[in-house]
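Values reported hereafter were calculated over all heavy atoms of this structure, with side chains retained and with hydrogens, waters and symmetry mates removed.
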Amino acid sequence: MNKLNHEKNTETAYEIGETVYVLLTCTEEEDPESFYYFKQFEKKEGVILEVIEHPRLQYRVKFGQAEAVLYHEELTNGNQRDVPITGTDTQEGWEGDKVEWYTQKEVADLLGVSKATVYHYGKQRKIIKILDPHRLHKEARYEKAEVDRLVDEKQSFPTGMSPNEVAKKLGLSVQSVYKYIQDGSIKAMAVPYGDERITYVISEAAYQEAKKSLKPSETQRPKKYEYYDSKNDIVLYQRFHSNKIPEARVVRNEEKVFGFYLPNIQKWLTYEEGMKTYTLKPSYSIHQPPLDYKGYVELQVPKNEVIFYPFIDYLYKNWGVENIRMREQDSSVLLFIRAGERPLTTKGFFAADILPFLIKGDIYNEEGHLILRSSYRKTSLELPIDLLESMTELAEQEGISMSKWVEQKLLSILK
């Protein structure tokens with residue numbers, strides 16, 4: 001257990017009536033509770049109402065209509081003043097000193113989790129946080145007995161990986177890993193964890209088995225879960241918008257969780273936050289009828305290309321997620337698009353713009369249609385010019401390309 005020591009030093013203290021500002025002395029990840037406490041007063045001008053010298057040098061500060069109790073090192077007036085550390089951080093007669101405790105950092109180290117996770121454990125009542133309404137202690141503290149119990153439970157666990165670790169290794173979402181555990185695709189041991197709770201442990205052998213069956217290789221076509229969230233019916237890089245946000249794009253974070261990225265403010269949101277707080281809605285439908293299978297055209301498009309988003313938007317609107325497979329790479333996206341043709345109405349790109357990124361197949365623009373042809377089903381016909389002209393005229397009357405017209409006529413004969 002830590003017992004932080006501090007020495008009173010009235011010579012370096014701020015004085016009553018002095019103007020001060022709050023310093024953010026921690027990040028959200030390090031200490032969420034303190035971080036959000038500081039954020040209430042960030043950039044606001046405060047006035048010292050009271051200097052509190054016991055058990056540590058701190059102040060009661062008025063910010064407009066609100067008041068806060070803050071430590072010396074959490075304030076500045078433009079010239080930061082340091083207070084030497086040497087005394088004791090105890091309060092005579094304080095009931096909390098009767099309880100043995102660990103600081104938030106100590107709990108994180110003992111359990112092998114982040115300080116943010118410790119904070120959430122306290123919210124979930126997995127461990128008991130010691131109340132400190134006057135913020136007499138700089139760091140949140142938790143009762144030792146409950147923490148020790150969790151440490152004992154963790155030490156008795158079978159060795160292996162957590163679902164979160166497996167998700168990162170396989171490039172899946174944590175939700176997908178839990179789904180695969182439930183259906184038996186990933187073998188995992190259910191381990192009791194506290195009252196009426198369980199966790200899962202995946203052995204190295206089980207992980208290697210799952211890796212063979214679930215992790216797609218670079219030569220395999222992408223699995224749908226790599227780019228499509230069926231629960232929320234959203235797909236990677238799909239465009240959303242609202243009255244508040246002109247453009248948002250569907251992306252996945254480091255945990256492989258689908259959410260929204262707002263380019264104008266460079267912020268990532270969860271799906272729920274994007275829908276509720278920013279009232280985002282899709283800019284177009286991502287669904288189209290499945291095309292007859294005639295092979296795939298393969299492209300690799302860099303994410304930093306000007307045509308990247310216009311091309312992606314066009315594909316979702318005209319081909320639909322039913323006819324596209326996608327694999328996200330570090331700086332590019334690998335696309336497998338079912339061979340076929342669709343009207344090319346967008347002004348965001350030309351067919352020639354995407355040719356440099358073609359890996360397999362053919363792409364060309366014919367009579368206002370973008371035509372994708374699989375390299376394995378390519379053919380050509382030599383016909384008299386007058387016959388070609390007649391066929392072109394008939395195709396125009398039906399509003400389709402000549403290739404599509406020929407295909408339909410041949411199919412009707414072959415049937």
[X] side, atom [atom1]; [Y] side, atom [atom2] - distance, nearest 0.5 Å:
{"X": "Tyr309", "Y": "Glu247", "atom1": "OH", "atom2": "CD", "answer": "7.5 Å"}
{"X": "Arg373", "Y": "Tyr364", "atom1": "CZ", "atom2": "OH", "answer": "4.5 Å"}
{"X": "Leu355", "Y": "Asp362", "atom1": "CG", "atom2": "CG", "answer": "9.0 Å"}
{"X": "Lys179", "Y": "Ile186", "atom1": "NZ", "atom2": "CD1", "answer": "10.0 Å"}
{"X": "Lys44", "Y": "Glu42", "atom1": "NZ", "atom2": "CD", "answer": "10.5 Å"}

Item to complete: Apply side chain to side chain contact (heavy atoms under 4.5 Å, CB included) to Leu370 and Arg342, showing your working.
Response: CA-CA 5 Å; Leu370 185 66; Arg342 285 286 187 270; 5.6 Å; no
Beyond-backbone contact of [X] with [Y], side-chain heavy atoms, under 4.5 angstrom:
{"X": "Ile337", "Y": "Leu315", "answer": "yes"}
{"X": "Ile127", "Y": "Val107", "answer": "yes"}
{"X": "Thr270", "Y": "Val257", "answer": "no"}
{"X": "Phe260", "Y": "Met275", "answer": "yes"}

Practice prompt. Apply salt bridge (charged side-chain N to carboxylate O under 4.0 Å, His left out) to Glu328 and Lys303, showing your working.
Written response: CA-CA 10 Å; Glu328 187 176 27; Lys303 298 176 187 177; 3.3 Å; yes
Ignoring hydrogens and geometry, is there a side-chain-to-backbone donor-acceptor pair from [X] to [Y] under 3.5 Å?
{"X": "Arg338", "Y": "Leu291", "value": "yes"}
{"X": "Asp353", "Y": "Phe349", "value": "no"}
{"X": "Trp101", "Y": "Ile130", "value": "no"}
{"X": "Ser185", "Y": "Ile181", "value": "no"}

[X] and [Y] aromatic centres sub-6.0 Å:
{"X": "Tyr237", "Y": "Phe308", "answer": "yes"}
{"X": "Tyr142", "Y": "Tyr102", "answer": "no"}
{"X": "Tyr271", "Y": "Phe258", "answer": "no"}

Worksheet item: Does a side-chain N-to-carboxylate-O contact under 4.0 Å join Glu226 and Arg325?
Response: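 So Glu226 does not pair with Arg325 through a salt bridge.
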Discussion item. What I want to find out is whether Lys317 reaches Asp313 closely enough, with some N-O distance under 4.0 Å, to be called a salt bridge.
Written reply: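 Judged by the 4.0 Å cut-off on N to carboxylate O distance, Lys317 and Asp313 do not form a salt bridge.
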Worksheet entry | Nearest heavy-atom neighbours spanning Met326 and Pro222 |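 Looks like O-CB, 3.2 Å.
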Any side-chain donor-acceptor pair under 3.5 Å between [X] and [Y]?
{"X": "Ser162", "Y": "Asn164", "answer": "no"}
{"X": "Gln300", "Y": "Gln329", "answer": "yes"}
{"X": "Tyr21", "Y": "Asn77", "answer": "no"}
{"X": "Tyr59", "Y": "Glu18", "answer": "no"}

[X], [atom1]: over 12 other non-hydrogen atoms inside 6.0 angstrom:
{"X": "Glu204", "atom1": "CD", "result": "yes"}
{"X": "Leu387", "atom1": "CG", "result": "yes"}
{"X": "Asp292", "atom1": "CG", "result": "no"}
{"X": "Lys62", "atom1": "NZ", "result": "yes"}
{"X": "Lys281", "atom1": "NZ", "result": "no"}
{"X": "Glu254", "atom1": "CD", "result": "no"}
{"X": "Asn264", "atom1": "CG", "result": "yes"}

Fill in: Audit row: Lys360, Val297, side chain to side chain contact (heavy atoms under 4.5 Å, CB included) steps and yes/no
CA-CA 6 Å; Lys360 294 180 182 178; Val297 171; over 6 Å; no
Discussion item. Holding to side-chain contact (heavy atoms from CB on, under 4.5 Å), I want the full list of residues that pass it with Lys187, two or more places apart in sequence or in another chain.
Written reply: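 In terms of side-chain contact (heavy atoms from CB on, under 4.5 Å), with neighbours along the sequence ignored, Lys187 is linked to Ala206, Glu209.
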Practice prompt. Kindly state each residue pair satisfying salt bridge (Lys or Arg N to Asp or Glu O under 4.0 Å) with at least one member in residues 227-244, sequence neighbours excluded.
Written response: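 Those involving residues 227-244 do not exist here.
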Practice prompt. Please list, chain by chain and in numerical order, all residues satisfying side-chain hydrogen bond (donor to acceptor under 3.5 Å, both in side chains) with Glu322, sequence neighbours excluded.
Written response: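 Residues passing side-chain hydrogen bond (donor to acceptor under 3.5 Å, both in side chains) with Glu322: His287.
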Worksheet entry | Row check, Tyr225 ring normal vs Lys223 NZ/CZ: under 6.0 Å, within 45° |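 Negative - Lys223 is either too far from the ring of Tyr225 or too far off its axis.
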